[in-house]
Amino acid sequence: MELCGRTKVYGIIGNPIEHTLSPVIHNTLAQDMGIEMVYVPFHVEEGQIEAAVKGAYGLHVYGMNVTVPYKRDVLSCLVDIDIHAKQIGAVNTLARTEGGYIGYNTDFSGLWCAMKSDGIVVENEEIILLGAGGVGRMVAFMCAIHKAAKVYLLNRNIEKAQQVATEVNKIVGTECITAMPLLEYEKLVQEGNRKYLVIQCTSIGMSPDTERAVIEDEAFYRCVKTGYDLIYTPWETKFMRLVRANGGMAYNGLKMLLYQGIDAFEIWNGCKVPQESVNKVYEKLQKQLRN
Ligand code: NAP
């Protein structure tokens with residue numbers, strides 16, 4: 001597509017930003033759907049997030065994604081925040097409106113779409129979450145709001161898990177989330193023949209440290225019916241290999257990345273992305289990862 005005076009500018013802000021795959025998603029969709037827009041990465045130095053958001057608004061940037069480490073810091077730079085993003089306490093998508101940007105959390109809606117497209121059910125399920133960092137908190141909220149029967153939130157730092165459990169239970173009005181130290185997974189394994197959906201939200205196993213999993217004990221994996229790793233580099237993590245070796249189904253986080261982008265694109269352009277375009281972007285992302 002030729003850039004011209006009418007081309008609308010979108011982008012992603014973060015630090016580091018050089019490895020982002022988001023331009024692949026949005027520029028492919030723009031081309032495929034004939035929308036005059038361009039999507040570029042913006043490296044934002046520490047302490048410059050407010051200046052970056054103000055500057056983007058002044059330059060008439062139509063929308064932005066926000067990545068590590070600014071998903072929480074950006075909250076104070078917005079004129080409004082979607083209810084779920086406010087409850088999660090983080091945003092990854094900004095949409096231009098009168099006077100400033102509105103914040104959304106399409107990691108939340110995107111993971112939900114990704115899991116649905118893989119046929120994964122949350123309602124009434126017993127779920128183990130590994131990790132209570134930024135994404136772990138969002139996933140705990142997602143499971144609680146979509147009526148999981150029980151969520152065991154395991155984290156190395158137990159205080160962090162307890163804080164997330166208390167906050168999410170209060171917001172959703174349930175007692176669904178129970179915080180546990182990571183090593184207490186043994187208690188869950190000992191509870192007979194129960195099989196769990198396990199969502200892996202830690203950074204352990206991500207490239208280049210691919211020979212590690214947050215839990216390495218095979219006994220744990222015999223209790224996993226479905227393992228969903230939010231990491232997508234490498235394509236198959238050690239966590240996923242352990243799940244599959246013990247008879248479970250395993251998925252990586254690329255569809256979450258895909259659908260958080262699709263949802264942002266739909267918010268910005270007020271459109272529905274057709275499934276053929278979704279598939280085209282997914283293929284392109286896979287190809288990019290193989291290179
Ligand atoms: P974060 O806030 O830094 O949290 C990291 C988590 O990993 C914490 O729970 C931390 O536990 C745990 N952890 C780190 N090192 C550990 C170790 N040696 N042993 C045990 N636990 C350890 O990161 P985040 O933003 O939540 O992101 C987590 C993962 O999600 C990343 O790998 C990222 O690639 C993935 N992600 C995927 C997508 C997607 O679209 N697919 C989007 C965003 C993020 P402590 O609290 O004990 O330190």
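Keep in mind the model is a prediction, meaning the values are calculated, not measured. Ligands are counted one by one from 1 in listed order, and the atoms in each one are counted from 1 as well.
Looking at Leu111 against ligand 1, nothing comes within 4.0 Å, counting heavy atoms. Looking at Ser203 against ligand 1, both its backbone and its side chain come within 4.0 Å, counting heavy atoms.
Separation of atoms CD (Gln200) and CG (Leu129) is listed at 10.5 Å; rounding is to 0.5 Å. Rounding to the nearest 0.5 Å gives a distance of 14.5 Å between NZ of Lys150 and CD of Glu125. One distance of note links NZ of Lys287 with OH of Tyr282; it measures 14.5 Å at 0.5 Å rounding.
Of all heavy-atom pairs spanning Gly227 and Val243, the tightest one is N-CG1, 4.0 Å. Considering all non-hydrogen atoms of both residues, Leu153 and Ala161 come closest at CD2-O, 3.6 Å. Summarising the geometry of Trp268 relative to Gly63, their closest heavy-atom pair is NE1-CA, 3.7 Å, with the distance given to 0.1 Å.
Within the listing of ligand 1, atoms 32 (O), 34 (O) sit less than 4.0 angstrom from a heavy atom of Met206. For ligand 1, the atoms sitting less than 4.0 Å from at least one non-hydrogen atom of Leu257 are 40 (O), numbered in the order shown with element in parentheses. Near Cys201, meaning under 4.0 Å from one of its heavy atoms, ligand 1 places the atoms 28 (C), 29 (C). Heavy-atom proximity to Arg212, at under 4.0 Å, picks out these atoms of ligand 1: 18 (N). Counting atoms of ligand 1 from 1 in the listed order, those under 4.0 Å from a heavy atom of Gly133 are 2 (O), 4 (O), 8 (C), 9 (O), 26 (O). Atoms of ligand 1 found under 4.0 Å from any heavy atom of Asn157 (numbered from 1 in listed order, with element): 46 (O), 47 (O). For ligand 1 and Lys160, the ligand atoms under 4.0 Å from any heavy atom of the residue are 45 (P), 46 (O), 48 (O). Close contacts of ligand 1 with Val135, meaning ligand atoms under 4.0 Å from a residue heavy atom, involve 24 (P), 25 (O), 26 (O), 27 (O), 43 (C), 44 (C).
With contacts defined as side-chain heavy-atom distances shorter than 4.5 Å, the pair Asp263/Thr93 does not qualify. Using a 4.5 Å heavy-atom cutoff, the side chains of Asp118 and Thr226 are not in contact.
Considering both main-chain and side-chain atoms, Gly134 comes within under 3.5 Å of ligand 1 through a nitrogen or oxygen pair. Note: an N/O pair closer than 3.5 Å links Ala132 and ligand 1 by distance alone. Considering both main-chain and side-chain atoms, Gly253 comes within under 3.5 Å of ligand 1 through a nitrogen or oxygen pair.
At a 4.0 Å cut-off, not a single heavy atom of Met138 sits close enough to ligand 1 to count as contact. Contact between Gln260 and ligand 1 is absent, with no heavy atom of the residue lying under 4.0 Å from the ligand.
Contact annotation for atom 23 (O) of ligand 1: protein absent (non-hydrogen atoms, distance under 4.0 Å). Within a 4.0 Å radius of atom 45 (P) of ligand 1, the protein has at least one heavy atom.
For the side chain to side chain contact (heavy atoms under 4.5 Å, CB included) test, residues two or more places apart in sequence or in another chain that qualify with Arg96 are Tyr57, His60, Tyr62, Tyr101.
For the residues Lys71, Arg72, Arg156, the heavy atom positioned nearest atom 48 (O) of ligand 1 is part of Arg156. In this structure, of Asn155, Leu230, Thr202, the residue bringing a heavy atom nearest to atom 29 (C) of ligand 1 is Thr202.
Listed by first and then second residue, the side chain to side chain donor-acceptor pair (under 3.5 Å) pairs involving residues 71-86 are Lys71-Asp107 (not counting sequence neighbours).
The pair Lys8-Glu36 does not meet the salt-bridge criterion, since no charged nitrogen lies less than 4.0 angstrom from a carboxylate oxygen.
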Check: Can Glu211 and Lys238 be said to form a salt bridge (Lys or Arg N to Asp or Glu O under 4.0 Å), step by step?
Finding: CA-CA 6 Å; Glu211 285 313 304; Lys238 182 162 186 197; 5.2 Å; no

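Residue, atom and distance of the protein heavy atom nearest to atom 42 (C) of ligand 1 are Met256 CE, 3.7 Å.
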